[in-house]
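Starting from 1, each residue takes its place in the sequence as its number. All values below come from the heavy atoms of this structure, side chains included, with hydrogens, waters and symmetry mates left out.
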Amino acid sequence: MAGGPREVLTLQLGHFAGFVGAHWWNQQDAALCRPTDAKEPPGELCPDVLYRTGRTLHGQETYTPRLILMDLKGSLSSLKQEGGLYKDKQLDAAIAWQGKLTTHKEEIYPKNPYLQDLLSAEGVLNSDGIWRVKSIPNGKGPPPFTTTTTPKPVIPTEGSIRVWSDFLRVHLHPRSICMIQKYNHDGEAGRLEAFGQGESILKEPKYLEELEDRLHFYVEECNYLQGFQILCDLHNGFSGVGAKAAELLQDEYSGRGIITWGLLPGPYCLGAALPFHCGAILATALDTVTVPYRLCSSPVSMVHLADMLNFSGKKVVTAGATIPFPLVPSQSLPDTLMQLGEATPWTPLSACGDPSGTCCFAQSVVLRGLDRACHTSQLTPGTPLPSPLHACTTGEEVLAQYLQQQQPRVRSSSHLLLTPCKVVPPYPYLFSSSLSQQGLVLDGPPTGAAVESIPVLGALCSSSSLNRALGDLAKDLARLDLRRWASFMDAGVEQDDLEETLQELRSLAQCYQSGNSLMD
């Protein structure tokens, strides 16, 4: 890519954001470990956008997420805050004190059986103490680590997953994890519940300076930083942490893209209620809709994507996805799109109710994981064409024309990729036995092979459904009596603050009234 990768720094704020993030990074890791006989061509997505290279104290190259995550005390289970790649010399220093010592040891969480089989983008620490490192994209790092036998992957059970770190396959840099010690992850007391509590965290010099130091560490090593993506819990005090972090980024890194993914656990995600399942679905959607600014060669950046979707005061979009995209091997993409008819081709993942009858202003759509042979019609020459889509000569043209037919007056951006989404363990087994190993709908009996990758259709939409959703939220907040919520009062939230927020929310809702588009 000309000029080098356009780096993105990810902030992951909150425990459910941790579930989504763990699946997200596992999928990136699986994509790095592409088998040699893979059908998809390398190079569509640039891993250096999300990852950074480094070196351990033993001189081995590492490849770790460019990530800062914040969570509460007690949320890491057996994962060490400093990670496992870099050894802290201070912990190994000889103790100079010659007097009597008293040792206080915190109870160690038993490691999830799944993590015993940890294989990451960096490699694996063998029993002989030698770190075997996998190859790193673009020729970085030593030759791939191989074994004579391929162990059967250990799949975590639902009962074994307590926290997101129980199924994270990727090693993190020591500067990634930032723990908030003043609030507890477990228990009834000391919870981070209110927006104002979250805001106040980044007003404390201790946490503010820690975040700023980590930001500077990652940003200063970037050559072409395009921006920041924030994965943030919305249902607890981390919403306030996310808002304050976004303000900080806007002040210190003006001109860079900032995209915040507000996350809520089910029941909105296709019926998945468990965080482990719901997080997997949302991570798969994110891995698809973020494609435009992660491509190896593309004019689209985070700023361009945000500007295309948001205009005339708009700041919010909804997400939707079809997981997996329902393609039968004997059919073509035009055939499948025709069968969808006039219905919206994706399931809403945002809590905005039924999108039918709403007006779309702008959309960014990504379809990935379909073999090139099925992108266009395979009809015998001379056969009457069932639709104009069957006359298209490329898959990109098929997708663009379909979106134009569905929403004639909408500003649309679309991308078609061969690269599928990886869904290997520890991704939960959510798929029907009627799918092939590549996630296609079988036109014969089940083969029994586990699904390893899937085609996905993902979309970001700016639509009038947000007028109703934001307006209803303002009505619900207007009925709230702050005096009944101690955590809000303790955080210093005043009635005047609420009234100001309500007015801003009502104004934002008005930006999404039908007819409020560029075309009018």
| task | Let me see the working for Gln27 and Thr284 under side-chain hydrogen bond (donor to acceptor under 3.5 Å, both in side chains), right down to the final yes or no. | result | CA-CA 8 Å; Gln27 288 182 304; Thr284 301; 3.1 Å; yes
| Where is the tightest heavy-atom contact between Leu32 and Pro47, given as atom of each residue plus distance? | CD2-CB, 3.6 Å
| query | Would Thr62 and Tyr51 count as having a side-chain donor-acceptor pair, cut-off 3.5 Å? | reply | no
| query | Considering only heavy atoms from C-beta outward, does the side chain of Ser364 approach that of Met308 to under 4.5 Å? | reply | yes
| request: Inspect the surroundings of NZ in Lys315 and state if more than 12 heavy atoms from other residues, nucleotides or ligands are less than 6.0 Å away. | output: no
| message | With a 3.5 Å distance limit and no angle check, can you tell me whether Ser350 reaches the backbone of Cys352 through a side-chain donor-acceptor pair? | response | no
| Donor-acceptor under 3.5 Å (Gln197 side chain, Glu193 main chain) | yes
| said: Taking Cys222's backbone N and O only, do any of them form a donor-acceptor pair with Glu7's side chain (distance below 3.5 Å, no angle check)? | reply: no
| query | Is the shortest heavy-atom distance from the side chain of Val163 to the side chain of Leu76 under 4.5 Å? | reply | no
| Spatial distance of atom CG (Leu327) from atom CD1 (Ile454) [nearest 0.5 Å] | 13.5 Å
| Heavy-atom side-chain contact between Tyr183 and Ile201 under 4.5 Å | yes
| task | Let me know which of Leu13, Ile68, Leu263 forms a side-chain contact (heavy atoms from CB on, under 4.5 Å) with Ile230. | result | Leu13
| Pair Glu204 + Lys182: basic N to acidic O under 4.0 Å | yes
| said: Within this structure, what is the CG-CG distance for the pair Leu45 and Leu295, rounded to the nearest 0.5 Å? | reply: 6.0 Å
| remark: For Ile258 and Ala246, the nearest pair of non-hydrogen atoms, with its separation, is CD1-O, 4.0 Å
| task | Identify the heavy atoms of Trp261 and Val289 that sit nearest to each other, and give their distance. | result | CH2-CG2, 4.0 Å
| task | Step by step, work out the side-chain hydrogen bond (donor to acceptor under 3.5 Å, both in side chains) result for Tyr218 and Ser176. | result | CA-CA 10 Å; Tyr218 285 111; Ser176 280; 3.1 Å; yes
| Between Phe431 and Tyr429, how do the two ring planes meet: parallel, tilted or perpendicular, split at 30° and 60°? | perpendicular
| How long is the span from the NZ atom in Lys73 to the OG atom in Ser75, to the nearest 0.5 Å? | 11.0 Å
| note | Given the options Thr10, Leu215, Ile259, Phe228 meets side-chain contact (heavy atoms from CB on, under 4.5 Å) only with Leu215
| remark: SG (Cys278) and CZ (Phe19) are apart, to the nearest 0.5 Å, by 10.5 Å
| Charged N-O contact under 4.0 Å between Glu210 and Arg214 | yes
| request: List the steps and the verdict of side-chain hydrogen bond (donor to acceptor under 3.5 Å, both in side chains) for Gln363 and Ser412. | output: CA-CA 5 Å; Gln363 61 186 4; Ser412 290; 2.9 Å; yes
| What are the two closest non-hydrogen atoms of Thr290 and Tyr293, and how far apart are they? | CG2-OH, 3.2 Å
| task | Classify the angle between the aromatic ring planes of Phe167 and His23 as parallel (below 30°), tilted (30 to 60°) or perpendicular (above 60°). | result | tilted
| Quick one: CG on Leu418 to CG on Leu416, what's the gap to the nearest 0.5 Å? | 7.0 Å
| request: Report yes if the side chains of Arg368 and Thr288 come closer than 4.5 Å at any heavy-atom pair, otherwise no. | output: yes
| Any donor-acceptor pair under 3.5 Å linking the side chain of Gln28 with the backbone of Trp24? | yes
| Check against side-chain hydrogen bond (donor to acceptor under 3.5 Å, both in side chains), Ser301 and Gln226 | CA-CA 7 Å; Ser301 67; Gln226 61 169 311; 4.8 Å; no
| message | Is any side-chain heavy atom of Arg294 closer than 4.5 Å to one of Asp287? | response | yes
| Are any non-hydrogen side-chain atoms of Pro348 and Thr318 less than 4.5 angstrom apart? | no
| task | May I ask you to check whether Trp164 and Gln12 show a side-chain donor-acceptor distance below 3.5 Å? | result | no
| task | State, yes or no, whether a side-chain contact exists between Tyr427 and Val451 at a heavy-atom distance under 4.5 Å. | result | no
| Any side-chain heavy atom of Leu430 sitting closer than 4.5 Å to one from Val423? | no
| request: Evaluate the ring planes of Tyr253 and His216, with Trp represented by its six-membered ring, and classify them as parallel (under 30°), tilted (30 to 60°) or perpendicular (over 60°). | output: perpendicular
| said: Which heavy atom of Val424 sits nearest to which heavy atom of Ala30, and what is that distance? | reply: CG2-CB, 3.8 Å
| request: Can you establish whether the number of heavy atoms outside Glu396 located under 6.0 Å from its atom CD is more than 12? | output: yes
| task | Quick one: sort the His185 and His15 rings into parallel, tilted or perpendicular, breaks at 30° and 60°. | result | tilted
| remark: Of all heavy-atom pairs linking Pro455 and Leu370, the shortest is CB-CD2, 3.6 Å
| field | Residue pair Met70, Ile180: steps toward the side-chain contact (heavy atoms from CB on, under 4.5 Å) verdict | value | CA-CA 7 Å; Met70 301 183 79; Ile180 300 173; 3.9 Å; yes
